[in-house]
Amino acid sequence: VAPADDIEAVLLRRIATGDEHALQLLYDRLAAMAYGLALRIARDADAAQDAVQEAFLRVWRRADRYEPARGGARPWFLRLVRNVSIDLLRHRQSRERVEQAGGGDPVGPAPEAPDEAAARAERAARLRAALEGLPQEQRRALEIAYFEGLSHSEIAAREGAPLGTVKTRIRDGVLRLRARLVDEASNG
Amino acid sequence: MADRTPIGVDDIELDDLALEALATAYATAPPAALRERVLAAAHVAGAQPARPPTRWRLVGAVAAGVALVAGGLLARATRLAELRGEELAGLARTNAELLARLDAQERTLAGLREAVAAQATVLRVLGGPHVQTAALAPQGGFRARGRVLLDATTGDAAVVISDLDPAAAGKTYELWAIRGDRPPEPAGLFGASPDRVATAPARRIERPAEVTAFAVSIEPAGGSAKPTGPIVLMGPLTG
């Protein structure tokens with residue numbers, strides 16, 4: 001069975017030729033990760049949906065910009081989702097300072113095959129446990145860096161910690177998560 | 001911008017791994033309607049996904065004058081790019097087709113493994129030192145004939161039937177073990193092969209010495225706890 005990244009790279013190449021079915025397949029594979037990431041960044045269901053839609057539209061328009069030599073298809077897409085989500089969040093914050101009431105999701109989650117959902121939920125739970133197992137300052141620095149898009153200097157200023165300390169916290173946190181990912185990959 | 005990279009420009013791979021870990025940990029199924037919204041928006045956006053960004057449109061306008069001079073070269077380069085694009089698209093389609101075929105072959109292989117395992121069970125029962133047989137006689141105008149083989153020591157059993165028509169849609173054949181006048185016990189489901197033969201292992205029979213006969217009935221797909229359809233084959237167990 002081909003690695004997930006290879007399949008997604010093939011899908012990106014097909015999308016670059018205007019293949020709408022490939023876009024559907026890519027959506028089905030990555031929408032949950034994209035939506036979860038956008039939701040953590042935007043902290044608002046409507047904004048997260050806008051970010052996911054914008055990310056997939058950029059893929060549709062710019063899939064030809066993906067260069068396999070520079071990394072995997074999935075990280076490329078997730079970076080796109082993160083950047084779009086952070087851009088939309090900042091745009092919204094600069095336009096309106098009024099806190100919007102956090103609306104619930106009126107439609108409900110999309111249906112998913114029970115075995116896929118169970119496997120995904122199990123893996124997500126293990127990774128969440130890994131995150132929760134990080135020392136609090138490491139986890140906090142990591143989440144600010146990835147979910148709020150702040151620079152190291154900005155995090156250091158906000159947290160009142162030296163820049164070097166912030167960099168160490170983030171790096172150590174990432175290394176621990178990587179170890180967990182390697183375990184995940186080797187244990188299937 | 002390097003400072004915005006969460007762990008530094010030399011650690012892109014680590015950055016990717018962490019981002020994937022976070023996205024996996026917080027993966028959330030989006031609302032069902034979002035899928036249609038995204039796909040509809042892409043459809044409306046048009047069938048030419050690769051569009052140059054705005055700043056490049058400006059550069060493109062400036063370059064247009066130059067292109068008049070270098071038109072021949074540009075046309076040739078464009079054609080080469082198109083050919084390369086077509087070649088890549090063809091490779092991508094081939095890759096996807098190969099993945100689909102591999103998937104189908106894996107399913108076929110799994111089916112064959114299952115069939116081989118079933119045959120091995122039947123052969124093991126046939127070769128056992130304490131095999132008992134129930135000759136199954138047709139009931140109520142049914143045409144097929146067959147035997148149930150039971151290893152009196154282990155309780156392993158197999159059914160072999162010939163001239164067996166495929167069960168109707170939504171139906172299956174079910175084997176029953178009978179112990180004297182007690183209610184029949186389900187002993188396994190089976191179907192007919194294209195050459196109208198059934199060779200299948202049965203469920204392992206507990207306390208095989210108590211079994212006196214076997215029967216076959218037609219049941220809804222998935223089987224029944226007790227016979228609900230017509231008994232089509234039956235026969236006593238003999239040593």
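Numbered from 1 within each chain, the chains take letters A, B, ... in sequence-line order.
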Query raised in the report: A:Asp50 versus chain B, heavy atoms under 4.5 Å apart: side chain, backbone, both or neither?
Result: both
Query raised in the report: Between atom OG1 of B:Thr28 and atom CZ of A:Arg40, what is the distance when rounded to the nearest 0.5 Å?
Result: 9.0 Å
Query raised in the report: Non-hydrogen atoms of chain B under 4.5 Å away: do they reach the side chain of A:Glu54, the backbone, both or neither?
Result: neither
**Report entry** Closest heavy-atom pair and its distance - B:Pro30, A:Ala32
**Finding:** CD-CA, 4.0 Å
**Report entry** Inter-residue atom distance B:Leu19.CG - A:Trp76.CH2, 0.5 Å rounding
**Finding:** 13.5 Å
Report summary line: Scored by heavy-atom pairs under 4.5 Å with chain B, the best of A:Val166, A:Asp28, A:Ile144, A:Leu12 is A:Asp28
Query raised in the report: Is it the case that more than 12 heavy atoms not belonging to A:Arg139 sit under 6.0 Å from its CZ atom?
Result: yes
Query raised in the report: For residues 13-34 of chain A, which residue pairs qualify under ring-ring contact (aromatic ring centres under 6.0 Å, His included), counting only residues two or more places apart or in two chains?
Result: A:Tyr27-A:Phe56
Report task. May I have the step-by-step check of side-chain contact (heavy atoms from CB on, under 4.5 Å) for A:Leu57 and B:Val38, ending in yes or no? Result -> CA-CA 7 Å; A:Leu57 279 178; B:Val38 167; 5.7 Å; no
**Report entry** Minimum heavy-atom distance between A:Trp60 and B:Ala42, given as atom pair plus value
**Finding:** NE1-O, 3.0 Å
Requested in this report: To the nearest 0.5 Å, tell me how far A:Arg79 CZ sits from B:Glu20 CD.
Outcome: 11.5 Å
Query - Selection from A:Leu37, A:Ile155, A:Leu78 maximising heavy-atom pairs under 4.5 Å formed with chain B - result: A:Leu78
Query raised in the report: Closest heavy-atom contact between A:Gln49 and B:Leu34?
Result: O-CD1, 3.8 Å
Query raised in the report: Of all heavy-atom pairs between A:Gln53 and B:Ala41, which one has the smallest distance, and what is that distance?
Result: NE2-CB, 3.5 Å
Query - A:Glu20/B:Leu39 under side-chain contact (heavy atoms from CB on, under 4.5 Å): CA gap, chis, key distance, verdict - result: CA-CA 8 Å; A:Glu20 290 188 27; B:Leu39 298 177; over 6 Å; no
